[in-house]
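What follows is a set of notes on a single structure, which appears directly below.
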Amino acid sequence: VSLVYALFDGTLPRVVSRLPTEAPTSVVVYSKPRDLLTQFSILIANFPLGKSPEDVVALFGSKVGEVVSIRDSSTCDATTVLDCARSVITVVGPSIGSPGNKVVKIQLLGDLSFEVTTMVAYSPPCDIEEYCRNNFGLLANYRKLEASPLIACDQTYCMEESALGQPVVETVSPSYGLTSGGTVVKLGLTNLPAFSLADSLTITVGSGARMAYAQVVSLIQTGTLEKSTGE
């Protein structure tokens with residue numbers, strides 16, 4: 001009878017587990033790149049107690065993730081009991097464009113000697129645009145995909161076109177400007193299906209021969225494709 005087991009130093013920090021173990025790469029939906037930022041929960045043994053997110057750096061290869069929280073889930077006296085302290089670090093990974101395994105390093109600022117590592121596999125996600133269109137005649141809900149990234153195809157990430165919110169301009173400030181141009185105008189919007197300047201938003205002023213294109217300098221929009229607000 002044979003078996004395989006691992007030996008480790010019960011006094012040193014080490015990654016016990018991480019969830020999920022696999023995450024989607026970024027994806028193109030409706031001709032626009034969409035960053036899929038996966039949240040990871042990493043359980044570490046013997047991590048220094050009392051640390052805050054500002055004390056920790058999470059590296060995914062050469063990219064930096066966002067440390068959201070650190071929770072010491074169990075503590076003990078290391079002089080009498082070995083390997084019983086546990087800390088949970090929540091990290092939002094960066095956008096990863098190519099598939100493959102990424103080494104994740106957890107480091108402490110100001111302590112170059114501290115480092116624990118684990119591995120995360122990145123895989124191409126479902127072509128949600130093609131999946132929704134070809135199988136159900138529906139639109140891809142890319143906002144839901146960005147909020148809750150996944151690799152497999154899922155019908156709940158498809159939506160009826162009629163479910164899209166009707167765009168409305170709620171406020172305009174100021175309501176007047178120079179005919180020569182240059183006036184900065186802020187629009188209060190609801191249900192505009194655009195959430196970044198990369199979504200190719202076009203605004204025109206006037207009509208007919210007097211129509212002119214305005215330069216969009218910023219877009220702050222929150223919500224879903226069904227309901228959103230912004231300016």
Side-chain angles (χ1 to χ4, degrees), residues 4-9 12-48 51 53-71 73 86-109 111-135 139-158 195-200 225:
V4 177
Y5 62 96
L7 295 176
F8 57 86
D9 189 332
L12 296 179
R14 62 186 175 86
V15 173
V16 177
S17 65
R18 80 273 190 222
L19 291 173
T21 59
E22 188 178 15
T25 59
S26 57
V27 66
V28 174
V29 182
Y30 297 124
S31 303
K32 302 297 178 183
R34 310 291 175 179
D35 292 334
L36 303 186
L37 309 180
T38 301
Q39 181 170 289
F40 297 90
S41 179
I42 304 175
L43 178 64
I44 300 179
N46 306 316
F47 190 78
K51 296 297 181 181
E54 293 75 20
D55 299 322
V56 178
V57 176
L59 295 175
F60 289 68
S62 60
K63 293 189 174 184
V64 180
E66 179 190 358
V67 180
V68 177
S69 66
I70 301 175
R71 178 174 59 87
S73 58
R86 295 290 186 270
S87 299
V88 179
I89 298 181
T90 302
V91 179
V92 176
S95 176
I96 302 294
S98 57
N101 293 327
K102 292 293 181 183
V103 176
V104 180
K105 298 179 181 179
I106 305 297
Q107 302 173 335
L108 288 180
L109 289 175
D111 186 354
L112 298 178
S113 65
F114 183 91
E115 180 178 282
V116 291
T117 63
T118 187
M119 191 80 70
V120 171
Y122 277 86
S123 301
C126 165
D127 186 336
I128 194 68
E129 180 182 349
E130 180 179 277
Y131 169 75
C132 293
R133 179 182 64 245
N134 293 348
N135 289 280
L139 299 179
N141 191 336
Y142 66 85
R143 282 293 287 178
K144 183 174 181 178
L145 183 63
E146 290 172 334
S148 302
L150 83 169
I151 296 174
C153 294
D154 188 330
Q155 188 178 349
T156 63
Y157 284 69
C158 305
F195 296 88
S196 75
L197 295 181
D199 287 325
S200 301
L225 288 176

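What's counted below: heavy atoms across the whole structure, side chains too, no hydrogens, waters or symmetry copies.
- Summarising the geometry, atom CD belonging to E115 is positioned 5.0 Å from atom NZ belonging to K105; distances are rounded to the nearest 0.5 Å.
- Across A140 and L225, no two heavy atoms sit closer than the pair O-CD1, 4.2 Å.
- Using a 4.5 Å cut-off on side-chain heavy atoms (C-beta onward), I96 and K102 make contact.
- Heavy atoms only, all atoms of each residue included: P99 and P124 are closest at CB-CD, 3.8 Å.
- In this structure, P24 and Y122 have side chains that are not in contact, with every pair of non-hydrogen atoms separated by 4.5 Å or more.
- Residues V91 and V68 form no side-chain contact, since every pair of their non-hydrogen atoms from C-beta on lies 4.5 Å or further apart.
- M119 places a side-chain heavy atom less than 4.5 Å from the side chain of V103.
- In this structure, CD1 on I128 lies 9.5 Å from CD on Q155, to the nearest 0.5 angstrom.
- Taking OG of S148 as the start and CG of L37 as the end, the distance is 11.5 Å to the nearest 0.5 Å.
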Begin with the C-alpha distance, continue with both residues' side-chain angles, and end with the deciding distance and a verdict on side-chain contact (heavy atoms from CB on, under 4.5 Å) for L59 and V64. CA-CA 5 Å; L59 295 175; V64 180; 3.6 Å; yes
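- Between T25 and P125 the shortest side-chain heavy-atom distance falls below 4.5 Å.
- A side-chain contact (heavy atoms from CB on, under 4.5 Å) with I106 holds for exactly one of V15, V67, I89; it is I89.
- From E22, atom CD reaches atom CG of L150 across 11.0 Å, with rounding to the nearest 0.5 Å.
- Here the closest non-hydrogen pair linking K63 and P94 is CB-CG, 3.6 Å.
- The distance from atom SG of C153 to atom CD of E130, rounded to the nearest 0.5 Å, is 9.0 Å.
- Between T38 and V92, the closest side-chain pair of non-hydrogen atoms is not below 4.5 Å.
- Counting only heavy atoms from C-beta outward, the side chains of E129 and V27 never approach each other to under 4.5 Å.
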Given side-chain contact (heavy atoms from CB on, under 4.5 Å), test R86 with V16 step by step and report yes or no. CA-CA 9 Å; R86 295 290 186 270; V16 177; 3.9 Å; yes
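- Between L109 and V57, some side-chain heavy-atom pair lies under the 4.5 Å cut-off.
- T118 contributes atom OG1, which lies 4.0 Å from atom CZ of R18 (distance to the nearest 0.5 angstrom).
- Using cut-offs of 30° and 60° for the angle between ring planes, the F114 and F47 rings count as perpendicular.
- Between the S73 side chain and the V88 main chain, no donor and acceptor come within less than 3.5 Å of each other.
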